[in-house]
Structure formats: structure tokens, C-alpha cells
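Structure, as C-alpha cells:
Throughout, residue positions are numbered sequentially from 1 according to the sequence presented.
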Amino acid sequence: MCGFAGVVCDRAKQDNASYDQTIKTMTKMVVHRGPDDDGYFKDNFVTMGFRRLSIIDLAGGHQPLAYDHERYWLTFNGEIYNYVELRESLEKDGYTFKTNSDSEVILGAYAKYGQDAPKYLRGMFAFVIWDCQERTLFAARDQFGIKPFYYAIVADQFYYASESKSIYKILTDRTFNQDALQDYMTFQFVPETETLTKEIHQLAPGTTLTKQVGHAPVFNRYAHREFHPVQRSEQAYAQRVKDALIDSVKIHMRSDVPVGAFLSGGIDSSIVVAIAKNFNPNLKTISVGFERDGYSELDVAQETAAKLGVANHSMVITPEAFMQVFPHFVWSMDDPLADPAAVPQYFLAQEAVKHVKVALTGEGADELFGGYTIYHEPYSLRPFRYTAPLNGALNRLARLMPEGMRGKSLLLRGTTPLAERYVGNAFMFNEAEKRAFFKDYHTQHPFQSITAPLYAEARDYDPVSQMQFIDMHTWLPGDLLHNADRTTMVHSLELRTPFIDREVFRVAAEIPADLRISHHTTKYVLRQAVADVVPTHVLNRKKLGFPVPIRFWLKNEMYDWARNIITQSQTDQYLDKNYFLRLLDDHRAGKRDYSRKLWTVLTFMTWYRLYVETSELPDSRTAARDLLVTPR
């Protein structure tokens, strides 16, 4: 794993020294992504910087890496799991290699396939290749968005980096993106390809970027995350899923350093651990939980570890520890991410890196196999098809009903089209709420600006598949994978996701919707596939997720802390802070549970303090030293 940064100039550079300093400043922001090694390359038009975390220590792993008599230069973040097989194929066609690294295989694939090279890669990746002969930069990101890629165009310079803070650090002019903030207040994350800084953008998953000197970048979508149902027997589906998962876990365990696994009380991580244990009997697992009843699965995780015969290392998170790491967590996220479950994952990575350098996780199973109970909603709302002529009136009636009144939510959901009610797995503030607290609400940028193109692309899908499609293109890369990458890399831990694999997805995409959530359960085919793999106590256990007791903490231990963040925040030009202070007090009084909404605001205000209010954004080592202190 690594972090990279670079700049391409449309005119030959006149002052190489200034670019050298710029790239060193950018790479210093991501030392945590690569504490083991650094490297640089420059010519008249490009300067490339690199930081490396050694996972597979093969000769020639140093980057930037050259190929074809130094015509091509590569920096690469990720792992290519089929590089051995791909290398053998390329060698048969006459391509030669000086190293045994997956990095050089990417270069060989590019030399043969050109811009189609990413289609042949199985893994998680973001990379750039500089062609000295054509004066062209080629960049690509994996089809799911597991690894990040940011860029900015400033005058005649094209900047890129693994984390947006590398670019943010060196920009002299930054424009706050209120449209992105409005989206954040809906989704609890900033949807790709936006960021909260207008000048900085994200490369979309499954997309390539070609930047030739003197020309604007050109984008090409090379991979699509789509469903293609195929009629098979339940047994056939289950066997294909099982075979794909065994193959994926096996190939994700390629490493020269110890590999462990995150283990919760749920089925997904248990599947990964149960399969991985067959390839490494000494597998170490890591779990975290809370002291409060109903908010910890440590006992279940430990029972699972015992039954599978693997070691388990666990820790209990206190609200004091939660508040202490929060500023550093927010710094590490690039843009704010208000999923409370992301903070426990920060602790998971912190604990895991004491024992291993690579960890497996069960992330992605819910999105691919239909794991959220909300996916049952289209079936529960079927009766509203018969009231279609009255649904408009019923909807207006529901809006007049008091908040919390029984039946209001059902009426609203049943009489609102899917594209207007489902924005993804998290829905924080609706448009009416945003109008109430934004000082300058942008009416031309409702949440549909993000979801409407996706619903158009999925218009021929059944409602369940449409919901999964929305989640795969918003929630999965914007929340889960963003969280997974940043919380682990800030601790110099590599996280691998066997479920989010192109071959596993190929199998999952063929399962019809009515089998994904069949028999009044979720992930039905997946459960059938692993019935003889995981312990019975987790096979059909109700999904708990990763609950965090902020509902209780914000009434007690975190109340003063939260109030201080709101009152001291310098975000008055954008937000009516009194609105959120009232939410906090109403939450404390028990009028309603506003914890998730409050967490969204607290996360943004902490981000704003670190990235906007301070005169200098701390670099990687300074942030780790200075931000892990008791919050003000």
C-alpha cells in the first residue's frame, strides 16, 4: 500500500526546485500511507512523489517504477490479486519483467492493452502512468472505488494525489463548496465525485483519466456495476457463491507479512474468518465493542473465534476515548464522514496494527447480496399500488400529521415514489430541514442532483435492485470504502475486502432480487452458501451492524463537548447554529432521538475547524502528535 502525489504541467517547467518542494509537501501529508519508503521522479513536464508501506517485499518494489527503457513511469496504490496469472499471460506474448512486483505487471498490461489495461486487473487500485514519449498521464481507479484518487486543475497545472489533503495543503486559493455541503447533510458523506473544496475532485470508480500535456483531461468509464439476473436453482447459486468466496479470500491473503481479520458478531466477517482460517490456521482476529448493553458484539465475536479456533484480540471503547481521537479521525477522513460506525473502525485498525500489517474485512456483502432490511420495503408497500388514485391526497394528509404519530411514516413512504424517498442507506436531513438551517439554501441543488442520474441508469431494474444500485454507487464508495481506507491507512494498516471483488460481484449480480431477500430474511443465497462454513450461532443472527451509543452519550458524557463544538464553530455564514443547539437540547430532554443528525453536524464543524478555521492544515506526523488530545 502507498500514497502518491504529483503534478503535470502544460508547459515545460522553468523552476524544478519549486516543484520538488511542492511534491515533498504533498507526500508529507500521506506519510501514514507509506512509512517504509519514499521515491520521486521528474522530467520537464511531470513531478511524481511516492510513499510505500511494504506488504509483499519483492525485489523492485520501489516506486516510481520504470518500464520499457524508462518510457513509462508508474506510481500505484493497491494490490493486484491476479498479477501472477496476468504476468504469465504477458510473458507468453513476449513482455519481459525485471521485478516480481504487481506494479510492473500493471506497466506490462498498459504496454500491451493501452487504456484497456484496467479491465484486466483484479484487485483494489488507483495508479498513474506517465508516458515520457507521448507526454501523457494515464490514471485509473478500481471498479468499486476501494482505493481513492483526487485531482485538481489550477491554471496550466494538473495535480493528483491519494488523499485530498495533499492537494488542499498546496492550494493557494480554495473555494468552499456549499452544494457539496448540502449533499453531505443528506447522505452523511460527500458523494463522489464532489469534495467540500470546489477545486478538488474525485475520479469516479471504474473510470480512467488521460491527461496529455496541453490538453484537458479525458475520462472514460471502463467498468459498470450492474445486475444481470440468470435463472438457476437455489443450490446452483449457493455453490457458485461459495466457490467464488473461497477463491477470493484465498487470493486476498497473498502477502509476505502477517494477515489478520476484523471480526464482529455478524455473519459477513465470520464468513471471511472461517474461510481464511483454512489457509492460515494461526489467523489473528480483532474486535471492538462498548460497555453499554445492546451496543457490543464482543461476546458473540469471541464465541465465534473460539468455535473457529482462531486467536481474538479485543478492546472496549469508552466515550472519553471516542472524544479524544475524534479530531484525528476527522483529519484522516479528508472530507467529513458522519457514520458513527467509522470511529470504532478507527479503533479496530489501531488495535489490529499491533498484531498484523494486513487485515481482511467483511465489508460489501450487504450491498452485493442484499443485506439491509430496508430492501424489504418495496414488498411491504405493495398495498399502496391499489390506492394509487388516492396516494396524492394520502401523502398530503400524512404531512399534516404530527411528528411521531403512528402511521405517518408508513403513509409517507407508501405514497412517495422510490426515487424521491430512497437516497441510500443513510438519510440525515430532508430538503425542508435543510431550508430551515442553511443561511443560503441552494434550491437548484436538491439531493436528486446526485440520485436522479443513477435512477435513470437503473430504470429497468426491479425496486429492490434499484435500491441496491443506489447504495453501490453512493453509500458503498462514499461511506463504507472511504471509511475503510482512511481509518486503516491512517494507522499504516492495509485492509482487504474479499467480498468486494470483481469475480464475487460477477456471481452476485446474477442472483434475482427475490432470492437475495427471500424467506423473510436478508442475503438468503449467501446464507445458504455458507451454511456449513460459519458457526450456527451467527448464521441467521439478526443484523446489528456496528451500533455506537451516541444516542446516550450525547445526553450525558458528550453533551458539553457537543455544545462547545457547536457554539465555538465559525460556520455561522452557512448554518443557523441555534437550530442545532435546539436539536441537542431536545435530544437531551428525550423529545426525539436526534443523535445521527447531531453527529452529522458535529463531524462537519470539527472538519471545518481543522481544514478552514486553522491557518495551517497539519501534516501526517504533526496531526498524529497534536490532534490526539482531549477535545476543547
Side-chain angles (χ1 to χ4, degrees), residues 182-189 191 338-339 366 370-438 441-456 458-459 461-471 473-475 479 513 517 520 522 543 545 547 551 579-580 582-583 586-587 590-601:
Q182 285 189 192
D183 292 331
Y184 165 80
M185 288 295 189
T186 295
F187 295 93
Q188 82 176 10
F189 56 86
D339 186 346
D366 291 322
Y372 297 115
T373 54
I374 189 69
Y375 294 154
H376 285 280
E377 187 183 67
Y379 299 123
S380 66
L381 297 179
R382 277 177 175 173
F384 285 95
R385 292 182 299 178
Y386 304 107
T387 62
L390 304 174
N391 282 351
L394 291 173
N395 186 275
R396 290 189 292 273
L397 174 64
R399 294 180 187 279
L400 295 174
M401 296 166 65
E403 288 298 326
M405 184 175 179
R406 187 175 181 179
K408 177 182 175 76
S409 175
L410 178 64
L411 277 176
L412 283 175
R413 288 182 288 115
T415 58
T416 303
L418 180 63
E420 294 178 28
R421 74 171 186 269
Y422 190 74
V423 305
N425 217 277
F427 191 174
M428 292 300 106
F429 295 99
N430 61 37
E431 299 307 306
E433 290 171 315
K434 289 192 289 185
R435 287 189 191 94
F437 62 72
F438 269 111
Y441 173 78
H442 294 177
T443 58
Q444 299 305 311
H445 195 82
F447 71 78
Q448 288 90 345
S449 302
I450 301 298
T451 58
L454 296 173
Y455 274 109
R459 59 185 173 273
Y461 290 168
D462 60 87
V464 173
S465 297
Q466 287 183 338
M467 296 169 78
Q468 282 187 253
F469 189 83
I470 294 296
D471 280 334
H473 288 78
T474 55
W475 169 261
D479 187 302
I517 57 172
H520 305 288
T522 58
K543 183 179 180 62
R551 174 183 177 183
Y579 181 97
F580 302 114
R582 289 193 297 270
L583 282 191
D586 287 348
H587 177 80
K591 292 182 179 180
R592 287 195 70 188
D593 179 6
Y594 291 116
S595 57
R596 294 293 296 275
K597 294 179 186 290
L598 287 165
W599 200 253
T600 302
V601 175

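- Residues passing the side chain to side chain contact (heavy atoms under 4.5 Å, CB included) test with Ala419 are Tyr455, sequence neighbours excluded.
- With hydrogens and angles disregarded, a donor-acceptor distance shorter than 3.5 Å links the side chain of Asn391 to the backbone of Phe384.
- Contact detail for Pro191 and Ile450: the closest heavy-atom pair is CB-CG2, 4.0 Å.
- Annotation for Ile470 and Val423: closest pair CG2-O, 3.8 Å, computed over non-hydrogen atoms.
- Rounding to the nearest 0.5 Å places CE of Met467 at 5.0 Å from CD1 of Ile374.
- For Phe187 and Phe447, the ring centers sit 6.0 Å or farther from each other.
- Of all heavy-atom pairs between Ala458 and Phe469, the closest is CB-CD2, 3.6 Å.
- Legend: residues meeting side-chain hydrogen bond (donor to acceptor under 3.5 Å, both in side chains) with Arg382, ordered by chain and number and at least two apart, are absent.
- In plain terms, the two heavy atoms of Pro446 and Asp183 that are nearest each other are O-OD1, 4.3 Å.
- In terms of heavy atoms, Ala426 sits closest to Arg596 at CB-NH2, 4.4 Å.
- Note on ring orientation: taking the six-membered ring where Trp is involved, the planes of Phe429 and Phe580 are perpendicular (angle over 60°, cut-offs 30° and 60°).
- Atom CH2 of Trp599 sits about 11.5 Å away from atom CD of Gln188, to the nearest 0.5 Å.
- Residues that satisfy the side-chain hydrogen bond (donor to acceptor under 3.5 Å, both in side chains) test with Ser409, not counting sequence neighbours, are Arg413.
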